[in-house]
Amino acid sequence: MSSLFDPVQAGDLALGNRIVMAPLTRNRSPNAIPRDITATYYAQRASAGLLITEATAISHQGQGYADVPGLYGTEQLDAWKQVTDAVHKEGGKIVVQLWHVGRVSHTELQPDNGKPVAPSAITAKTKTVLIKDGVPTFVATSEPRALDAAEIPGIVHAFAVAARNAVETAGFDGVELHGANGYLLDQFLKTGSNKRTDDYGGSIENRARLLLEATRAVVDAVGGGRTGIRLSPVTPANDAHDADPQPLFDYVVRQLAPLGLAYIHVIEGATGGPREIDDRPFDYEALKAAYREAGGKGAWMVNNGYDKPLAEEALKEGDDLIAFGKPFISNPDLVRRLREGAPLNAWDKNTFYGGGAEGYIDYPALA
Ligand code: 8OZ
């Protein structure tokens with residue numbers, strides 16, 4: 001049986017081990033441009049089998065929080081190139097998470113201070129972060145407007161352009177579509193946020209259409225073997241809700257199966273919270289079986305609350321990659337610590353979002 005520390009192939013990505021750094025929003029990119037400390041931060045963590053960057057906006061319209069990075073301007077791409085160079089120098093592999101927040105945004109963050117866009121004009125019961133007088137401050141998300149069907153090809157195109165620039169200009173090894181956590185692609189999937197009556201709403205096929213179009217466009221741009229996708233069937237994050245998630249997500253992974261993706265990344269339960277939600281049961285083994293039965297060959301990546309014993313259990317059940325989030329914030333050498341059974345540094349929640357080097361690049365590695 002393979003161990004957490006054995007190499008694995010995920011599409012075109014030859015990974016040194018099965019431990020993945022999950023995408024983690026850190027709000028340290030003023031003007032949406034990563035700084036020098038971001039290159040240091042990721043390079044310190046390069047012993048992960050794969051690094052997935054924090055969610056990164058594919059367009060100005062895709063922005064939803066203060067000081068999160070983007071991937072749609074020259075300065076942003078140049079800054080990311082510094083990051084990927086630093087990671088590669090340490091022998092690491094890094095993909096960027098492609099993000100469109102949809103309705104989880106605020107007019108202050110949008111082009112011309114317009115309304116955020118969404119499948120339907122339904123405000124998410126959630127908060128975002130703006131900088132007020134220099135201080136990160138939680139504010140309610142703005143009322144969105146429903147996207148016109150004629151605008152959708154432009155969003156699909158923006159995913160593809162961001163993916164191509166990520167690989168060709170910024171030097172990423174691949175990309176991950178953010179299809180999770182109540183952001184645009186997830187908003188289209190789920191009945192709580194999608195009340196459309198056109199080809200993008202109603203049936204499962206219609207609600208899944210945007211996610212599948214965006215994924216196919218990204219695959220056309222950079223190749224399936226460099227493309228992953230993150231899904232969160234039942235998370236309540238950002239007011240996400242679907243009336244019947246099992247058939248929806250079984251359909252989604254069956255449609256993804258023929259695309260030759262590097263991996264499918266599944267958040268089990270509530271993002272960053274409980275792995276089981278009483279009123280939102282979900283069978284993840286059935287989801288994986290649906291993907292495999294449809295011919296899906298990508299690596300199966302699982303996430304949420306894993307420790308070493310639970311990760312080893314997952315490998316036994318046929319999962320291929322385990323994504324760790326918060327433990328990677330406070331343990332740059334998490335792979336070594338897990339291998340040696342060394343104690344883990346505790347994380348400090350107060351420095352998760354915003355600020356500078358403190359709580360970012362100053363967590364100690366083992367001597
Ligand atoms: C925490 C804070 C802001 C954004 C996600 C991109 O949940 C996020 C996020 C997490 O996927």
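Keep in mind it's a predicted model, so treat the numbers as computed, not measured. All ligand and atom numbering here is 1-based and tracks the order in the structure.
Hydrophobic clustering (side-chain heavy atoms under 4.5 Å, transitive across Ile, Leu, Val, Met, Phe, Trp, Tyr) keeps Leu15 apart from Val222.
Ion pairing between Lys297 and Asp320 fails under the 4.0 Å rule for side-chain N and carboxylate O.
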Let's go through Arg216 and Asp220 carefully: what are the C-alpha distance in whole Å and the side-chain angles of both, what is the deciding distance for salt bridge (charged side-chain N to carboxylate O under 4.0 Å, His left out) to 0.1 Å, and is it a yes or a no? CA-CA 6 Å; Arg216 291 187 192 112; Asp220 285 346; over 6 Å; no
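Heavy-atom minimum distance, Trp347 versus Phe352: CD1-CZ, 3.3 Å.
Judged by the 6.0 Å and 45° rule, Arg275 forms a cation-pi pair with Tyr306. Geometrically, Arg18 does not engage Phe5 in a cation-pi contact defined by less than 6.0 Å to the ring centre and at most 45° from the axis.
With respect to atom 9 (C) of ligand 1, the closest heavy atom belonging to the protein is Thr25 OG1, 3.4 Å. In terms of protein heavy-atom proximity, atom 8 (C) of ligand 1 is closest to Tyr183 OH, 3.4 Å. The protein non-hydrogen atom at the shortest distance from atom 1 (C) of ligand 1 is Tyr353 OH, 3.5 Å.
Near Asn181, with a cut-off below 4.0 Å to any heavy atom, the atoms of ligand 1 are 5 (C), 7 (O), 11 (O). Atoms of ligand 1 lying under 4.0 Å from at least one heavy atom of Ala55, given by number and element, are 6 (C).
Between Arg230 and ligand 1, not a single N/O pair is under 3.5 Å apart. Ligand 1 has an N or O atom lying under 3.5 Å from an N or O atom of His178, backbone or side chain.
The closest approach between Phe352 and ligand 1 stays at or above 4.0 Å for every heavy atom of the residue.
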